[in-house]
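Note sheet for the following structure.
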Amino acid sequence: MTTVIDAALVAEHNAKQEARLQADYEALGGMLARRGQDIEVLTALAGRFAVAVPSWGVGTGGTRFARFPGRGEPRNVFEKLDDCAVIHQLTRATPSVSPHFPWDRPTDAAELRGYADALGLTFDAVNSNTFQDQPGQEHTYKYGSLTATNAATRAQAVAHNIECIELGRALGSKALTVWVGDGANFPGQSNLRGALERYLESMRSIYAALPDDWNVFIEHKLFEPAFYATTIADWGTSFACATALGPKAKCLVDLGHHAPNTNIEMIVARLAQFGKLGGFHFNDSKYGDDDLDSGSINPFQLFLVFNELADAALREGPAFAPAYMLDQSHNVTDPVESLMNSAVEVQRAYVQAALVDRARLAELQASNDVLPAAQTLKDAFRTDVSAILAMARVRAGGAADPVACYRSSGYRDRVASLRPAKAGASSSGIV
Ligand code: RM4
Ligand code: MN
Ligand code: MN
């Protein structure tokens, strides 16, 4: 495997941190042992955690007002993979990349797969894009794609999704994520039921093109760009469509795609109960689809999501394996740093959820002893598992402190000189 950051530099960084990490790890291990928990079991669990990086996340994002490009942004999918490889090398928690087409369309899929392989990366779910028009495209998506009233527009959107499946097959992916911005901006603009009927008809054609071992993930989002009525606005619609389509169709929960204060962990519990939880796009938000770093606003919510996942895993057994992906946009931070930060925060919630004393929680719930039940969750959430995460990384060849190690590597300066900005071009990121 090619290492993008000099392995000697990582080793030197870890050597400097070793004494402090060891002391913290021993102290935490002692504290956990007094609670009846084995730190080594938790460190092994942390080492098995993986979350996919979104290819579009390594570019600088933007808002509808402006995009302020960052230095050394990747200009093509190969450079995106280089940045993703740095994230994985230092965190050891992001071995796969979720590509977005046509942004990442390769001229030679085998070459792209080989490039990823050499970097120690694989491809996770592929994403279609019918929320933008592409140069030379025959039919516009201005009034919708999979739900368009114009049959030729729908056929074009279906064909794009089928092309995504074919590209994904060549890249070794096993799932297609479909998010559409289709909807209406005015009451009366669209027949609400008719739009969903057209969506289902289009999705049936896409579903029929799925290989046997593939899934399609339906991603819902409350609003934007349709501000009055988004066709796939909520998990209920997503669930109904996934059920109508069949067993290969599942629901994808993007944490930022709900109204403020929505109980997302309950959505997770419901989808898991009915066998339709396909996966996640992790991020955080304060207002809407803010795409902020995971755990940066509401880490307790992230923990509660993982608490439900831990409960579901116990009930369902090893077959329960929703796809974990990040979906973020970075406007003011270095995307590599933000994605490393998020991967670690999601991994933190995963480990904290494993700390919950489930037998005690079940007893407290059965006897309606409310306050200690709430405290049982808080005890786990308040436990600082940083030393476990750092130890898992160091043992796997990653960095004790990924952001500090990344900064000392000078990677951003190096790529800034290798990747001069294209004047006027929005080479990556969303906008
Ligand atoms: C959407 C949604 C999708 C992502 C696009 C770029 O809001 O979250 O997952 O493909 O943004
Ligand atoms: Mn998303
Ligand atoms: Mn989104």
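Order of listing sets the numbers, starting from 1, for every ligand and every atom in it. Note: hydrogens, waters and symmetry copies are ignored here, and every other heavy atom, side chains too, is used.
Close N/O approach between Asn127 and ligand 1 is not found [any backbone or side-chain N/O within under 3.5 Å]. Of the N or O atoms in Trp103, none lie within a sub-3.5 Å distance of an N or O in ligand 1.
Asn283 and Asp327 are not linked by any side-chain donor-acceptor pair at a separation below 3.5 angstrom, with hydrogens and angles left out of the test. Side-chain atoms of Asp293 and Ser338 include a donor-acceptor pair closer than 3.5 Å. For the residue pair Gln156 / Tyr141, a side-chain donor-acceptor distance below 3.5 Å is found, with atom types taken as modelled.
Ligand 1 lies nowhere less than 4.0 angstrom from a heavy atom belonging to Glu224.
Between the Mn ion (ligand 2) and the N, O or S atoms of Glu219, the shortest distance is to OE2. Restricting Asp327 to its N, O or S atoms, the one at the least distance from the Mn ion (ligand 2) is OD2. Asp254 has its closest N, O or S atom to the Mn ion (ligand 2) at the position named OD2.
Taking a cut-off of under 4.0 Å to the non-hydrogen atoms of Trp179, the atoms of ligand 1 that pass are 1 (C), 2 (C). Applying the 4.0 Å criterion to heavy atoms of His281 picks out, from ligand 1, the atoms 9 (O). Listed by number with element, the atoms of ligand 1 under 4.0 angstrom from any heavy atom of Lys221 are 7 (O). Those atoms of ligand 1 that come under 4.0 Å of a heavy atom in Asp254, given as number and element, are 8 (O). Remark: ligand 1 atoms within the under-4.0 Å shell around heavy atoms of His100 are 4 (C), 6 (C), 10 (O). Each of the following atoms of ligand 1 lies closer than 4.0 Å to a heavy atom of His257: 2 (C), 7 (O), 8 (O).
The aromatic rings of Phe227 and Phe223 sit tilted relative to each other, their planes meeting at an angle between 30° and 60°. Note on ring orientation: taking the six-membered ring where Trp is involved, the planes of Phe306 and Phe282 are parallel (angle under 30°, cut-offs 30° and 60°). Between Phe131 and His100, the angle of the ring planes goes over 60°, which puts this pair in the perpendicular group of the 30/60° scheme. Between Tyr115 and Phe78, the angle of the ring planes goes over 60°, which puts this pair in the perpendicular group of the 30/60° scheme.
Using a 4.0 Å cut-off between heavy atoms, Thr177 makes no contact with ligand 1 at all. When heavy-atom distances to ligand 1 are checked against a 4.0 Å cut-off, Asp291 has no atom that comes that close, whether in backbone or side chain.
Counting heavy atoms from C-beta on, the side chains of Val385 and Leu355 come closer than 4.5 Å.
Aromatic rings of His220 and Tyr199 (six-membered ring for Trp) have centroids beyond the 6.0 Å cut-off, not under it.
Here His281 does not reach the Mn ion (ligand 3): none of its N/O/S atoms is less than 2.8 Å from the metal. Taking backbone and side chain together, Asp289 holds no N, O or S atom under 2.8 Å from the Mn ion (ligand 2).
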Report task. Could you walk me through whether Tyr411 and Asp83 pass side-chain contact (heavy atoms from CB on, under 4.5 Å), step by step? Result -> CA-CA 9 Å; Tyr411 179 79; Asp83 289 4; 2.5 Å; yes
